[in-house]
Number of protein chains: 2
Amino acid sequence: MRERILDVALELFSEQGYEKTSLREIAQKLGVTKAALYFHFEHKEDIFLELHLRLHALGREAFDELESLHDGQQRADAWPHVLDHFIDQLIGNRDLLLLHVRNPNALDQLAHNERHQAENEDIQQQMGRLLASPDIPLAQRVRMACSIGAVIGVIIGAGGVFSDVSSAELAALVRDAARDLLFVPGQP
Amino acid sequence: MRERILDVALELFSEQGYEKTSLREIAQKLGVTKAALYFHFEHKEDIFLELHLRLHALGREAFDELESLHDGQQRADAWPHVLDHFIDQLIGNRDLLLLHVRNPNALDQLAHNERHQAENEDIQQQMGRLLASPDIPLAQRVRMACSIGAVIGVIIGAGGVFSDVSSAELAALVRDAARDLLFVPGQP
DNA sequence: GTCTATATTTCGATAGAC
DNA sequence: GTCTATCGAAATATAGAC
């Protein structure tokens, strides 16, 4: 039951937004009552947290690989390859990505959540550390940030303009674009 | 007063999100009561709409210039130059952009708003028409979408990592990156 | 584990005095 | 233009029976 609740919540939170989705609505879609949900989750926020941790787990793999390198420039060099893998992960979990992009404020609420603070090595923090790394040239860090925005923008963006393009073809095109973006002219 | 309401609303909607910001909160920050707001705006949604139309006005200039060109390939060629101008506009109105990125569901609500439907030539629609244009190669359209995501991602993204970089320098770096991104290898 | 029933709070919106 | 006072709806969350 717990998984079914999470699946329905993911769907509704992504479609309508976290705040506009009531527990009553989730329960109705599952054919149970609101009170039944409270047996499995103490607060509404806990449902969102559990879904957030799924993305957390997804991204951890990529960023752990980067942080295993001890030099900033090494990390910057490895970035294109790691991003390729990250693109695949995100395209394979479009719905999870959509949940986060469409509910940034719900994400902020988790900052005050004890369980979330315990799970410290957050994707956002890891990404922040990387993009703030002082031993990577600014121009390159900006382009790394651009590459993330570009990938996310295409996957979720423009309101499904590329929905008739296969995931594989889209991934390949985005990979090529990211590669050109990440090559900084005049840098060794 | 009307402008003061809009300014406070822009601030709170961006910080906390549209749904989580009550009219009572806006009124309190202005030193008036909730009821006073209803003299200036009939519904809460109308406040958000008015703010949305500010961005609408901003983007219209750029997209009108593109749509004045009658050929798809001409539009694609003009895109880098138009994007440059668009980057300046967005950086100069960071708060307005943040409002929209952080409240996608509030934006969706406007679709059912009559006044919004009347204001038809919407940015999203114009952007959609451009990115769906059949006489621009798919690879190029994907890169155009990437460029938008890259720009927005850097301006609002990564939680203020580049906040110590001046707007002018950041804009220049993003412009360069976008230019490299938009050049499609093997295309005339 | 799920139910009914209810407590409690907060929100958007309105009525009418000033 | 702004106030006080209030309505009605809907939300989260809880209590206790089954």
Side-chain angles (χ1 to χ4, degrees), chain A residues 1-53 99 102-117, chain B residues 1-53 99 102-117:
Chain A
M1 189 64 220
R2 208 158 185 278
E3 289 301 315
R4 285 178 60 210
I5 294 175
L6 287 170
D7 289 341
V8 170
L10 171 59
E11 189 182 330
L12 291 179
F13 288 168
S14 301
E15 278 178 11
Q16 313 172 338
Y18 173 73
E19 328 272 358
K20 297 227 74 160
T21 301
S22 66
L23 295 179
R24 182 197 131 274
E25 207 171 352
I26 297 175
Q28 200 173 33
K29 199 156 188 172
L30 285 165
V32 297
T33 63
K34 205 174 40 170
L37 304 182
Y38 279 94
F39 176 83
H40 300 277
F41 297 94
E42 198 172 351
H43 309 285
K44 182 187 181 184
E45 196 181 79
D46 293 332
I47 301 179
F48 189 87
L49 172 58
E50 194 103 341
L51 291 172
H52 169 61
L53 293 181
L99 172 77
R102 290 201 49 119
N103 295 286
N105 41 357
L107 209 63
D108 285 353
Q109 266 185 35
L110 295 184
H112 310 297
N113 185 301
E114 292 189 10
R115 229 174 100 200
H116 181 260
Q117 286 175 340
Chain B
M1 188 68 220
R2 208 159 186 278
E3 289 301 313
R4 285 177 61 210
I5 294 175
L6 288 169
D7 289 341
V8 170
L10 171 58
E11 189 183 329
L12 291 178
F13 288 167
S14 301
E15 278 177 11
Q16 313 173 339
Y18 173 74
E19 326 273 356
K20 296 227 75 160
T21 302
S22 65
L23 295 179
R24 181 196 132 275
E25 208 171 352
I26 297 176
Q28 201 173 33
K29 200 155 187 172
L30 286 166
V32 297
T33 63
K34 201 174 46 171
L37 304 182
Y38 279 93
F39 176 82
H40 300 277
F41 296 93
E42 199 171 349
H43 309 283
K44 181 187 182 185
E45 195 181 80
D46 293 332
I47 302 180
F48 189 87
L49 172 59
E50 195 104 340
L51 291 171
H52 169 61
L53 292 181
L99 171 77
R102 291 199 48 118
N103 295 285
N105 42 357
L107 210 62
D108 285 352
Q109 267 187 35
L110 295 184
H112 309 298
N113 185 302
E114 291 188 11
R115 230 173 98 199
H116 181 260
Q117 287 175 339

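An OP1 or OP2 oxygen of D/dA11 is reached within less than 4.0 angstrom by a side-chain nitrogen or oxygen of A/S22. Taking side-chain N and O atoms only, A/T33 has a distance below 4.0 Å to OP1 or OP2 of C/dC3. Proximity of B/H43 to the phosphate of C/dA13: a side-chain N or O atom is located under 4.0 Å from OP1 or OP2.
Electrostatic pairing of B/E50 and B/R115 counts as a salt bridge here, judged by a charged N lying under 4.0 Å from a carboxylate O.
Here the P atom of nucleotide D/dT6 and the CG atom of B/L23 are 20 Å apart, to the nearest Å. Atom pair A/Q28:CD and C/dT2:C1' shows a separation of 16 Å (rounding to whole Å applied). One can place CG of A/L30 at 13 Å from C1' of C/dT2, the figure rounded to the nearest angstrom. Look at CD on B/E19: it is 12 Å from P on D/dT12, rounded to the nearest Å. Look at CG on B/L37: it is 13 Å from P on D/dT4, rounded to the nearest Å. When rounded to the nearest whole Å, the span between CZ of B/F39 and P of D/dT2 equals 8 Å. Atom NZ of B/K34 is separated from atom C1' of C/dT10 by 9 Å (rounded to the nearest Å). Put simply, CZ on B/R4 is 13 Å from C1' on D/dG1, counting in whole angstrom units.
More than 12 heavy-atom neighbours from other residues, nucleotides or ligands sit within 6.0 angstrom of CD on B/Q117.
Ring pair B/F13/B/Y18 is perpendicular by interplanar angle, where above 60° counts as perpendicular and below 30° as parallel.
Within the 4.0 angstrom heavy-atom criterion, base atoms lie near A/A35.
Exactly one residue among B/N103, B/L12, B/I47 makes a side chain to side chain contact (heavy atoms under 4.5 Å, CB included) with B/T21. That residue is B/L12.
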